[in-house]
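Following: one structure in C-alpha cells, then a few remarks.
Keep in mind the model is a prediction, meaning the values are calculated, not measured. Each ligand, and each atom within it, is numbered from 1 in the order the structure gives.
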Amino acid sequence: MRSALRLSFLGISALGALLSIPNARAQDSDSDIRRACLEVLKHGPRKIADDRTLRFEGKVTLDAVARCRGGANAVARRNTPWLDWSNYWATGDASSRSGKSDTTVLPIPPLLKHLLDRNTRGIDGALMDIEYQRMELIKFNLFDNRTYETYIKGGKVNGRQEDGPVIKVWKEMRLAANDPNVATDPRTGDQTCKGQATRFRTLTGICNDTKNPAMGATGQLFGRQVQFETTYPDLGLDVLTKNRHGDRLSLLKPDPQVISRKLLTRDQSNAPTCNKGKGTAGADSNCDYKKAPFFNVIAAYWIQFMTHDWFTHMADARNDLTRSISMGCASERVNNAEQPITPARADQLGCRPTDKMEAALFADKGAPPTFKSGNKTYMARSPGTTRNLNTAWWDASQIYGYDDTSRRRMRGDPTDPAKLQLVNQRTGTVGDEQGYLPEFGAACAPGAPATGCDPIRPEWAGQEATAMPDNWSIGLSFLHTVFAREHNAIVNAFRKFARDNADEDSGLRNPERPTEPIPYSKVSNDELFEIARLVVSAEMAKIHTIEWTTQLLYDEPLYIGMNANWSGVFKDDSIASKVTQRIVRRLADSANPKLANQFYSALAAGPGIFGAGSDLGYPAGINEGPNHFGTPFNFPEEFISVYRLHALVPDMIEYRELSDANKIAKRVPVIDTFRAKSTTQMRQGGLSNWAISMGRQRLGLLELNNHPQFLQNLDIRPRFDVTLDVPALDIIRDRERGVPRFNEFRRQIGLRQLTSFDDFIDKTLPADSSGRKEQERNAATLREVYGQHTCDAGKVITAAQLDKDGKPINDCLGKPNGSVVDNIEDVDIVVGWLGEPVRPHGYAISETQFQIFILNASRRLFSDRFFTSSFRPEFYTQFGVDWVMNNGPDGTVMEDGEPNGHKQEVLPMKRVLLRVMPELKDELKTVVNAFDPWARDLGEYYSLAWKPRKGAESDPAFGK
Ligand code: HEM
C-alpha cells in the first residue's frame with residue numbers, strides 16, 4: 001500500500017527531472033519552491049495509517065509539502081491546529097492564485113503540465129488531503145450500534161471467513177421472517193426483498209438494499225462516528241474520560257442557558273427594535289445579525305428541509321412524554337467557582353430557571369454488552385442508543401412520509417392519483433396557477449375516529465399540509481410548495497411525452513413480468529406517482545451535492561470535489577478525476593485486495609449516482625451498486641450535532657416584491673410565520689415574492705454570538721406553558737445523547753486538538769482588527785464559562801492521538817505539570833465548532849463540521865441503490881433518468897460565460913425555480929447558483945465581496 005501511494009503521489013514522480021535547483025535562496029523564491037517539490041518527491045507520500053493514533057490530521061508531515069503546494073504562506077500556518085490545504089495556491093479567492101508556473105526548463109509533456117502550474121498543484125494537493133481524510137474516516141470512524149462485533153471480528157460469507165470491512169449483509173438488518181415483502185431462506189434466515197417492494201422507494205424505507213431489508217428504514221438506530229468508550233463523557237466510562245474531564249461535567253454543567261446567553265446571543269445595536277426577535281410595529285423593526293455574503297436565506301431553509309428528510313430523533317415530533325428535564329439557568333462560574341444564579345441575575349442574563357422540555361428518547365440505555373477480539377475487550381454499542389424515526393434515505397420523506405401517520409398527512413390530489421394536491425388560492429403571478437399547499441384542518445382528538453380531522457399535533461392545525469410539519473415557518477412553507485409544484489410538473493411533462501411517444505418502451509419494468517416492456521402509454525397513475533417521487537428525490541440529492549454544497553463550501557477544490565462526487569471520478573475530466581484515478585488504480589493492484597477494495601470504494605464510489613453496476617439487468621444486479629464499507633448505513637449521532645445550524649436563520653425576513661425588487665418593503669419576523677401563521681403569510685405574499693425575499697437576503701454566519709433571538713425565546717405552547725431556549729436545548733440534547741466534547745471529538749475524527757481557549761483566536765489577524773478583538777473577547781468568555789484547573793501530567797486523556805513527540809497526550813496538553821490550564825476539554829461540540837476562528841475560503845461551516853460531512857455526504861449516495869445500480873429506466877423510466885441527468889425535460893441548458901472559470905450547466909435548483917415560478921426569469925438571469933444571494937455581483941474567482949450586480953445598486957442591503 002505504501003509503495004502504491006508513493007508512486008502515485010501527486011503524479012509528479014517525473015517532475016524532478018524537469019526542475020533545476022538554482023543556488024539563490026530567498027523566502028518563497030522560485031528556487032525554494034522547486035527545492036521543496038523535489039524534497040517531496042524524495043520522501044514520497046504518507047501511507048494510510050495503520051493505527052488511529054498515526055492518522056493524517058489534515059497537517060502535512062513536511063514543510064516542503066506545504067511549500068511546494070502553497071509557498072511561504074502555507075508553511076507559516078503549519079503550526080496552527082487548522083487544516084493545511086486551505087493555504088495552498090488557488091484554494092481561496094483571486095489573491096490566493098499564483099501568477100507563476102514552474103515550467104522554466106523544458107517543453108512540458110501534457111501529462112505533467114497541470115502539476116507544474118502552481119495553482120493546479122495547490123488544488124490537487126487540497127483534493128489529495130481531503131481524500132486521505134475520507135479514506136481514514138472510513139477506516140477508523142464507522143461504529144454501528146448493532147453490528148460492530150462483526151465489523152471487528154469479521155464473519156462468514158458463502159462459508160468463507162471474511163474481514164468485517166468487506167461484509168455486505170447483516171442478520172441485524174432483517175425484517176420479521178413472515179414479512180410479505182421478503183423471501184426468507186428457512187435454512188440460513190437470509191432475506192431477499194421481492195415483488196413490488198423492490199420497485200420504488202417504499203414508505204418506511206425498507207428494501208432499498210434488497211439483502212438488508214431493514215437498513216435505513218424508519219426506526220433503525222443511529223450510528224456513531226467515535227469510539228463507543230468516548231461517548232457519554234459525563235459518565236466517566238473509562239479512566240481516560242475521567243482524566244479528561246474530572247468531575248466537572250453533568251447534563252446541566254456548565255449551565256446550558258448561561259452558555260446560550262453569554263456565548264450564542266446575537267448582539268443588538270438597538271435591542272428594543274429587535275424585541276427578542278418579535279420586532280415592533282414600527283418601520284424601524286429590525287434585529288442585527290452577522291451575515292454570510294455568499295449564501296442566502298433559501299440555503300438556510302434548504303438544510304432544515306433536508307434534515308427533515310434524513311432524520312428525526314422524535315416520535316411524531318415529541319420526545320419522551322414521561323420525563324421532562326429542566327434547562328439550567330441555575331448556576332454560573334464566577335472567578336472559576338460555581339455560584340447559584342439569583343432571580344435578579346437571571347433577569348440580567350435573560351435566562352429562565354422555569355424553562356423545561358421533554359427528555360430525549362432512547363432505544364437502549366445502560367452498560368453495553370462487551371466482546372473480546374484478540375486480547376482486547378470492546379463495547380458492542382454505545383451506553384445509550386437512539387432511533388432515527390425517519391427513513392435515513394434521501395427519499396423526500398419530508399414530503400411523502402416515512403410511516404402510516406405521516407403518509408396520511410401528505411395530501412394526494414383527490415382528482416388525480418399521480419399528483420400532490422395543490423390549490424389555487426392566489427392569482428397574483430403566472431406561477432400562482434401552479435397552486436399552493438392545502439392546509440391542515442383540526443387535529444384528531446386522541447382515541448377518536450380519524451375522520452374529518454388530520455393526524456397532527458394540535459399546534460399544527462391550519463398550517464400547510466405535508467408529511468413532516470414540525471418547526472414550520474415561511475422557509476419550509478416555501479420549499480415544500482416549490483417541490484410539490486415540481487412533482488406535478490414532472491407528472492404533466494411525463495404525460496405530454498407519453499402522448500407523443502405512446503408506444504415507445506418507457507424502460508419501466510414490473511418484477512412480476514420482468515421481460516415485458518411497458519410502453520409510455522401503459523404507465524399507470526400509481527406508477528407515475530412513484531416515478532415522480534424517485535425523480536424529486538434524485539433531484540434534491542443532486543441540488544444538494546452540486547449546487548447547495550458548492551456554495552456552502554465556496555472554493556475551487558470543493559467545486560471539483562462535489563462534482564466528482566456526483567458525476568463519478570471516471571466520468572468527468574476534472575483534476576479530481578485524474579488524481580483519484582491514479583490512486584484508485586494503484587490501490588486496485590495492491591497486495592491486499594480486501595483492504596484495497598475498501599479504499600477503492602472510497603474513491604471509485606465517486607461514481608455516485610451514475611456509477612457502478614449500471615449495465616446490470618433487472619431484477620438481477622439491482623443491488624450490486626451500493627457500498628456500505630462494512631457498516632449498515634444510517635446517520636451517526638455526531639452528524640446531527642454538526643447540523644444544529646440554528647444560527648443560519650435570521651430573526652427577520654426582508655420582504656420584497658418582485659415588481660420593485662430593490663426595495664425592502666417590510667421586515668417580517670420569522671416568528672410571525674411560525675406554524676399556521678406561515679399559511680397566511682404565504683397566501684398574502686405569494687411564492688415568488690417570498691422567493692425573491694429569501695433569495696436576496698444573506699443568511700446568518702455560523703459563529704458564536706449569532707443565534708436568532710426568537711429561538712432563544714420560542715413559545716412552545718401547548719406542549720409546555722413556557723418559552724424555550726433552543727440553542728440551550730441543542731447543547732443539552734448532545735449531552736443527553738453522549739456526544740463527546742469538542743476537543744476529543746476533533747481527535748476522534750482525525751483533526752488537531754486545541755490546547756487552550758486562545759486557540760480560538762486567529763493570530764494571523766491584525767491585532768487591532770475587529771475580528772481579532774471579537775475572538776479575544778470570545779476566548780475570555782469561554783474561560784469564564786468553562787473555567788480552568790491545575791493540571792496533572794500523569795493523567796493520560798485520550799487514546800485517539802499522540803502528542804508531537806509520539807507520547808500519550810496528558811491533562812496538561814503540553815504545559816508543565818501543575819500548570820493552571822483551560823478546561824478546553826469540556827467545551828460543548830456546538831460551541832466549539834461555532835468558535836473555530838479559521839476556515840477554508842468560502843466555508844460557511846467549520847472544518848470540524850466538514851470532516852463529518854466528508855464521510856456522510858459520500859455514504860448517503862453510495863449506500864442507496866436508487867442512486868447507484870437502480871438509477872436506471874427499469875425504475876425511473878428513460879424519461880425520469882433524462883430528467884435527473886439534464887435537470888428537466890428539455891435537455892441540457894448551459895450558462896452563459898464561464899463562472900469561476902468553468903463552463904457549466906444551468907444548475908438544477910435554478911431550473912426548478914424557473915419551472916415553478918416562470919416569473920423569476922429576469923431576476924435569475926445573472927444568478928448562477930440559486931443559493932448565492934441573488935443580487936450579488938459574482939465578481940472574479942470565488943470572490944466573497946458584497947457588491948450589487950448591475951441594476952441592483954439601489955438595493956439597501958448593499959448599504960451595509
Ligand atoms: C424557524 C426555524 C426553526 C425552528 C423553529 C427550529 C426549532 C427546533 C427545535 C424546537 C428543535 C428541538 C427538538 C428537540 O430536540 O426537542 C430543533 C431541533 C433541530 N433543528 Fe431546528 N429549528 C429551526 C430551523 C432549523 C434549521 C434552519 C436547521 C438547519 C439544519 C435546523 C436543524 C435542527 C436539527 C438538526 C435539530 C435536531 C433534530 C433531532 O434531534 O432530530 N433547525 N429545531
Got an N/O contact under 3.5 Å between His313 and ligand 1?
yes
of all protein heavy atoms, closest to atom 22 (N) of ligand 1 is His646 NE2, 3.0 Å
Paired with Ile399, the side-chain contact (heavy atoms from CB on, under 4.5 Å) test is passed by just one of Glu486, Met540, Met468, namely Met540
heavy-atom search around atom 1 (C) of ligand 1 in the protein gives Ser473 OG, 3.5 Å
Centroid-centroid under 6.0 Å between Phe478 and Trp302 rings: no
A student checking ligand 1 against Phe674 at a 4.0 Å heavy-atom cut-off should list atoms 5 (C)
| N/O separation below 3.5 Å, Tyr643 to ligand 1 | no
Note: ligand 1 atoms sitting under 4.0 Å from heavy atoms of Leu711 are 4 (C), 5 (C)
Heavy-atom proximity to atom 8 (C) of ligand 1 ranks first, among Asn471, Ile640, Thr673, Asn388, for Asn471
Centre-to-centre under 6.0 Å for Phe635 and Phe633, is that the case here? yes
- Query: With a 4.5 Å limit on heavy-atom distance, are the side chains of Met306 and Gln398 in contact?
  - Reply: yes
Fill in: Arg201 to Trp393, cation-pi by 6.0 Å centre distance and 45° axis angle
no
Check whether any heavy atom of Trp472 sits under 4.0 Å from an atom of ligand 1. no
Atom 14 (C) of ligand 1 sits nearest the protein heavy atom Arg733 NE, 3.5 Å
min-distance protein heavy atom vs atom 36 (C) of ligand 1 -> Arg644 NH1, 4.0 Å
Does a salt bridge link Asp555 with Arg839, judged by any charged N lying under 4.0 Å from a carboxylate O? no
Under 4.0 Å between heavy atoms, the region of Val649 that gets near ligand 1 turns out to be side chain
Trp310-Phe639 aromatic ring centre distance below 6.0 Å:
yes
Going by the 4.0 angstrom heavy-atom rule, the piece of Ala360 near ligand 1 is neither
The option among Leu729, Leu724, Leu361 carrying the non-hydrogen atom nearest to atom 12 (C) of ligand 1 is Leu729
Nearest heavy-atom contact between Trp548 and Ile303 is CZ2-CB, 3.6 Å
The answer for which part of His308 has a heavy atom under 4.0 Å from ligand 1 is neither
Quick note on ligand 1: atoms under 4.0 Å from a heavy atom of Arg737 include exactly 40 (O)
Numbered in order shown, the ligand 1 atoms found under 4.0 Å of a heavy atom of Thr312 are 41 (O)
Would you check whether Asp730 has a nitrogen or oxygen atom less than 3.5 angstrom from a nitrogen or oxygen atom of ligand 1? no
Salt bridge between Arg411 and Asp454, side-chain N to carboxylate O under 4.0 Å? yes
Note: Met357, heavy atoms under 4.0 Å from ligand 1, region reported as side chain
So the atoms of ligand 1 within less than 4.0 Å of a heavy atom of Asn319 turn out to be 14 (C), 16 (O)
Hey, does the Lys NZ or Arg CZ of Arg485 hover above the aromatic six-ring of Tyr436, less than 6.0 Å from the centre and inside 45° of the axis?
-> yes
Exercise for review: Would you please indicate if the ring centroids of Tyr655 and Trp690 are separated by under 6.0 Å?
Suggested key: yes
Under 4.0 Å from one or more heavy atoms of Ala300, ligand 1 contributes atoms 27 (C)
May I ask you to check whether over 12 heavy atoms, not counting those of Lys253, lie within 6.0 Å of atom NZ?
-> yes
query: When the aromatic ring centroids of Phe850 and Tyr843 are compared, is their separation below 6.0 Å?
result: yes
heavy-atom search around atom 26 (C) of ligand 1 in the protein gives Gln304 CB, 3.5 Å
The answer for which part of Met314 has a heavy atom under 4.0 Å from ligand 1 is side chain
